[in-house]
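In what follows, a structure is listed as structure tokens, so that the remarks can point back to it.
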Amino acid sequence: MSNQQPLPPAGLMRRLGALFYDSLIILAIEMMAAGVVIAVLHALIAMNLFDVAPYVDVSDLLTKHPIWSPIYTFYLAAVWIYFFVYFWTRAGQTLGMRAWKIQVRNLQGGRITVTQALIRLATSGFGLANFTVPLDPQKRGFHDIWAKTQVVVLPKVQ
């Protein structure tokens with residue numbers, strides 16, 4: 001990450017394109033994470049180590065049980081949060097951001113911290129914070145302002 005020439009800020013359409021790509025990836029990852037839990041529970045049932053009674057099936061248990069339902073929801077939320085925090089703090093880009101050639105950086109042009117990533121995620125409103133980009137002269141989203149980050153367009157590789 002060289003800071004020789006400032007990179008232009010990413011606009012709304014680029015951000016939304018990356019968000020769409022990432023949402024497809026997150027959907028697939030969440031389905032795999034849920035599938036692991038369901039497969040483990042079915043294996044435990046098959047070995048007679050676990051019983052879902054009085055619930056109809058594993059899905060019913062995971063959505064209606066007063067203890068397992070919040071744990072399962074927390075697990076799926078943690079997987080979703082970890083995806084963004086991992087990619088933003090390691091490379092400054094999720095896979096969708098890489099495809100759209102944008103990167104999140106701190107205000108000095110370096111990698112963001114875990115704290116910045118969590119603030120950014122918590123204030124993003126599931127992507128709705130990007131709609132403040134056209135209103136801000138520096139093209140920052142609401143979450144970028146709070147987390148003290150910037151999203152820039154990377155130069156083309158020559």
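Using modelled atom types, one side-chain atom of Q93 and one backbone atom of I102 make a donor-acceptor pair closer than 3.5 Å. Without hydrogens or angle criteria, T132 side chain to A129 main chain gives a donor-acceptor distance under 3.5 Å. The main-chain N or O of L27 is never found under 3.5 Å from a side-chain atom of E30 such that the two would form a donor-acceptor pair. Remark: the backbone N or O of G127 is paired with a side-chain donor or acceptor of N130 at under 3.5 angstrom. Judged by distance alone, the side chain of Q103 and the main-chain N or O of M97 form no donor-acceptor pair under 3.5 Å. Not one N or O on the side chain of R140 forms a donor-acceptor pair closer than 3.5 Å with the backbone of Q150.
Contact annotation: the side chain of L7 approaches that of P155 to within less than 4.5 Å [non-hydrogen atoms, C-beta and beyond]. Inter-residue side-chain proximity for D136 and D144 is flagged as unmet; no heavy-atom pair is nearer than 4.5 Å. R111 is not listed as a side-chain neighbour of R105, based on a closest heavy-atom distance of 4.5 Å or more. Using a 4.5 Å heavy-atom threshold, the side chains of F131 and L16 count as touching. Side-chain contact between L121 and I81: present, with at least one pair of heavy atoms (C-beta onward) separated by less than 4.5 Å. Taking the side chain as every heavy atom from C-beta outward, I26 and F84 approach each other to under 4.5 Å. V79 is not listed as a side-chain neighbour of F83, based on a closest heavy-atom distance of 4.5 Å or more. Counting heavy atoms from C-beta outward, R120 and V151 have side chains that approach closer than 4.5 Å.
When the side chains of ILVMFWY residues are joined at heavy-atom separations under 4.5 Å, either directly or via intervening members, F126 and I29 end up in a single hydrophobic cluster. Note on M47: it clusters hydrophobically with L61, by side-chain heavy-atom contacts below 4.5 Å among ILVMFWY residues. Residues I67 and I38 are members of one and the same hydrophobic cluster, defined by side-chain heavy-atom contacts under 4.5 angstrom among Ile, Leu, Val, Met, Phe, Trp and Tyr. Residues L107 and I145 do not share a hydrophobic cluster, defined by chaining ILVMFWY side chains whose heavy atoms lie under 4.5 Å apart. Put simply, M32 and F87 are part of the same group of oily side chains (I, L, V, M, F, W, Y) that touch within less than 4.5 Å, one to the next.
With rounding to the nearest 0.5 Å, the separation of OG1 in T113 from NZ in K148 is 11.0 Å. Rounding to the nearest 0.5 Å gives a distance of 8.0 Å between CG of D57 and OG1 of T63. Atom CH2 in W146 sits 14.5 Å away from atom CD in Q116 (nearest 0.5 Å). Remark: L62 CG to W68 CH2 distance equals 9.0 Å, nearest 0.5 Å. Separating the OG atom in S59 from the OH atom in Y72 is a distance of 7.5 Å, to the nearest 0.5 Å. Rounding to the nearest 0.5 Å places OG of S124 at 8.5 Å from CG of L19.
In this structure, P9 and Q138 approach most closely via the heavy-atom pair CB-O, 3.7 Å. Residues A10 and V153 come closest through the heavy atom pair CA-CG2, 3.6 Å.
When the shell of 6.0 Å around CZ of R14 is examined, it contains more than 12 heavy atoms from other residues, nucleotides or ligands. For CZ of F20, the number of neighbouring non-hydrogen atoms (other residues, nucleotides, ligands) closer than 6.0 Å is 12 at most. A 6.0 Å sphere centred on CH2 of W80 holds more than 12 heavy atoms belonging to other residues, nucleotides or ligands.
N106 and T149 share no donor-acceptor pair across their side chains, judged by distance under 3.5 Å alone.
Note on ring orientation: taking the six-membered ring where Trp is involved, the planes of Y55 and H65 are tilted (angle from 30° to 60°).
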For this session: With side chain to side chain contact (heavy atoms under 4.5 Å, CB included) as the test, would you mind laying out the steps for D51 and I45 before giving the verdict?
Result: CA-CA 6 Å; D51 187 21; I45 291 169; over 6 Å; no
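Shown here are the side-chain hydrogen bond (donor to acceptor under 3.5 Å, both in side chains) partners of T94, two or more places apart in sequence or in another chain: D22.
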